[in-house]
Amino acid sequence: EAGVAQSPRYKIIEKRQSVAFWCNPISGHATLYWYQQILGQGPKLLIQFQNNGVVDDSQLPKDRFSAERLKGVDSTLKIQPAKLEDSAVYLCASSLALEASGGFGSETQYFGPGTRLLVL
Amino acid sequence: AQSVSQHNHHVILSEAASLELGCNYSYGGTVNLFWYVQYPGQHLQLLLKYFSGDPLVKGIKGFEAEFIKSKFSFNLRKPSVQWSDTAEYFCAVNGWGGSYIPTFGRGTSLIVHP
């Protein structure tokens with residue numbers, strides 16, 4: 001089966017510019033996650049969608065970051081304006097809403113290749 | 001709020017050596033625990049997970065992890081590592097806080113010398 005697709009793979013912008021990332025999850029996966037991974041750190045959840053509704057966005061810097069998942073399938077994450085500290089890899093992951101073998105919260109996440117952003 | 005600590009940031013081993021990577025979490029309720037791995041040039045992928053039942057969980061490629069509730073730990077083990085185990089390993093917890101929000105540790109870089 002096709003995996004999680006992300007584009008672009010790399011992006012270089014100057015500070016104060018805007019940038020958008022796109023993610024297409026695995027078909028049938030209701031849950032979609034966006035993570036920010038700064039060099040030397042683990043992935044940090046920015047926003048989690050269930051279908052086209054937001055489950056959690058408590059760690060999303062809402063003054064500059066926005067995300068949407070129209071129609072409950074693919075999703076975009078936008079940064080406007082970008083800051084130097086936004087330089088990171090942005091990961092998208094998807095999962096089933098509930099796996100037959102486990103309870104809620106035990107779902108396996110399937111990750112995309114990530115978008116590497118450099119803000120100059 | 002939940003958190004995850006991975007104590008070993010960089011580990012270097014020779015082939016056939018035994019491996020144990022530490023993972024401690026901070027959360028008082030029912031948790032789901034995961035180890036994800038990222039091989040060079042590849043995506044993050046699941047190694048193993050615990051959500052209920054036997055606290056000793058077996059994953060792919062001979063890895064296993066033991067959930068010790070009293071110690072809030074979920075350490076990853078492999079009795080004999082191979083060069084192909086060279087990768088970044090991430091421990092993650094998913095506990096209930098109004099919704100299930102996954103939290104990752106900072107990762108452990110493992111290098112295995114042939």
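Side chains are part of it too, since the values below use all heavy atoms of this structure and drop only hydrogens, waters and symmetry mates. None of the values given here were measured: they were computed from a predicted structure. Every chain is numbered from 1, with letters handed out A, B, ... down the list of sequences.
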- Could you check which of B/S109, B/G105, B/P102 has the highest count of heavy-atom pairs closer than 4.5 Å to chain A?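 Sorted descending by pairs with chain A, the first entry is B/P102.
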
Problem set entry | Part of A/L91 within contact of chain B (heavy atom distance under 4.5 Å) |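 When you check distances to chain B, only side chain atoms of A/L91 fall under 4.5 Å.
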
(request) Could you look at A/Q37 and say if it's the side chain, the backbone, both or neither that has a heavy atom under 4.5 Å from chain B? (result)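 Side chain only.
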
Which residues pass the ring pair (Phe, Tyr, Trp, His ring centres under 6.0 Å) test with B/Y25, not counting sequence neighbours?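 Ring pair (Phe, Tyr, Trp, His ring centres under 6.0 Å) check on B/Y25 returns B/F72.
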
inquiry  = If I measure from the heavy atoms of chain A, does B/Y50 come under 4.5 Å with its side chain, its backbone, both, or neither?
reply    =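 Looking at B/Y50, nothing touches chain A.
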
- [ ] Supply the atom-to-atom distance A/Q80 CD to A/R64 CZ, rounded to the nearest 0.5 angstrom.
- [x]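 One finds 11.0 Å between CD of A/Q80 and CZ of A/R64.
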
Report task. Tell me, please, which residues at least two apart from B/Q45 pass side-chain contact (heavy atoms from CB on, under 4.5 Å). Result ->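 Here the qualifying residues are B/V37, B/Y39, B/Q42, B/I60.
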
One thing to verify: whether B/K78 and B/E64 come together as a salt bridge, which I'm taking to mean a side-chain N less than 4.0 angstrom from a carboxylate O.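 No, this pair does not count.
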
